[in-house]
Amino acid sequence: GNNDNKDEDKGEEKKGIREEGNESKIKELVIWTGQWENLQFFTPALELVLHSALELILESEHDPVRQKKLENVIGFLKYFPKIYPELVVSLARKTDPQKWRILFKYC
């Protein structure tokens with residue numbers, strides 16, 4: 001029934017947006033997010049998203065679920081090539097140099 005489909009949808013979302021069959025979801029997200037690209041706080045907001053994903057993996061670097069989340073965030077951010085390098089550099093400036101290895105490993 002309908003409840004079965006809802007459970008399947010939730011399970012699919014947990015797999016990650018970059019997996020096969022989910023490319024259309026990330027493109028929809030990019031289109032939806034891109035409508036705010038000209039706003040003053042767009043780049044800082046995406047930097048915060050990257051920072052949050054980095055902090056998550058720093059808590060447990062070898063956790064494959066956290067690695068996948070960071071990879072998904074970076075994959076999403078790369079859809080904004082005009083600001084992606086700026087995001088990484090800006091975050092690196094604000095991050096302890098001891099954490100750079102992990103940041104640059106994924107970025």
If I take atom [atom1] from residue [X] and atom [atom2] from residue [Y], how far apart are they, to the nearest 0.5 angstrom?
{"X": "Gln67", "Y": "Ser60", "atom1": "CD", "atom2": "OG", "value": "8.5 Å"}
{"X": "Leu87", "Y": "Ile74", "atom1": "CG", "atom2": "CD1", "value": "10.5 Å"}
{"X": "Thr43", "Y": "Glu86", "atom1": "OG1", "atom2": "CD", "value": "5.0 Å"}
{"X": "Ser90", "Y": "His51", "atom1": "OG", "atom2": "NE2", "value": "11.5 Å"}
{"X": "Leu77", "Y": "Glu47", "atom1": "CG", "atom2": "CD", "value": "10.5 Å"}

[X]-[Y] co-clustered via ILVMFWY side chain contacts under 4.5 Å:
{"X": "Ile83", "Y": "Leu54", "result": "yes"}
{"X": "Val88", "Y": "Tyr79", "result": "yes"}
{"X": "Trp32", "Y": "Phe80", "result": "yes"}
{"X": "Leu91", "Y": "Trp100", "result": "yes"}
{"X": "Val30", "Y": "Leu50", "result": "yes"}

Checklist entry - Within a strict 4.5 Å, meaning less than it, do heavy atoms of the Phe42 and Thr33 side chains meet? => result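 In short, these two side chains touch, coming nearer than 4.5 Å.
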
Checklist entry - With side chains defined as the heavy atoms from C-beta onward, is the minimum distance between Ile57 and Ile102 less than 4.5 Å? => result yes

Item to check | Contacts of type side-chain hydrogen bond (donor to acceptor under 3.5 Å, both in side chains), residue Glu59, not counting sequence neighbours | outcome: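 Arg66.
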
Checklist entry - Listed by chain and number, what are the ring pair (Phe, Tyr, Trp, His ring centres under 6.0 Å) partners of Tyr84, not counting sequence neighbours? => result none

Next on the checklist: Does Phe41, at its CZ atom, have more than 12 non-hydrogen atoms belonging to other residues, nucleotides or ligands within less than 6.0 Å?
Outcome noted: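 Count not over threshold, so no.
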
Checklist entry - Where do Val73 and Tyr106 land on the side chain to side chain contact (heavy atoms under 4.5 Å, CB included) test, with the steps shown first? => result CA-CA 10 Å; Val73 166; Tyr106 288 92; over 6 Å; no

Item to check | Salt-bridge contact Glu61-Arg101 (side-chain N to carboxylate O under 4.0 Å) | outcome: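 Salt bridge between Glu61 and Arg101, a charged N being under 4.0 Å from a carboxylate O: yes.
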
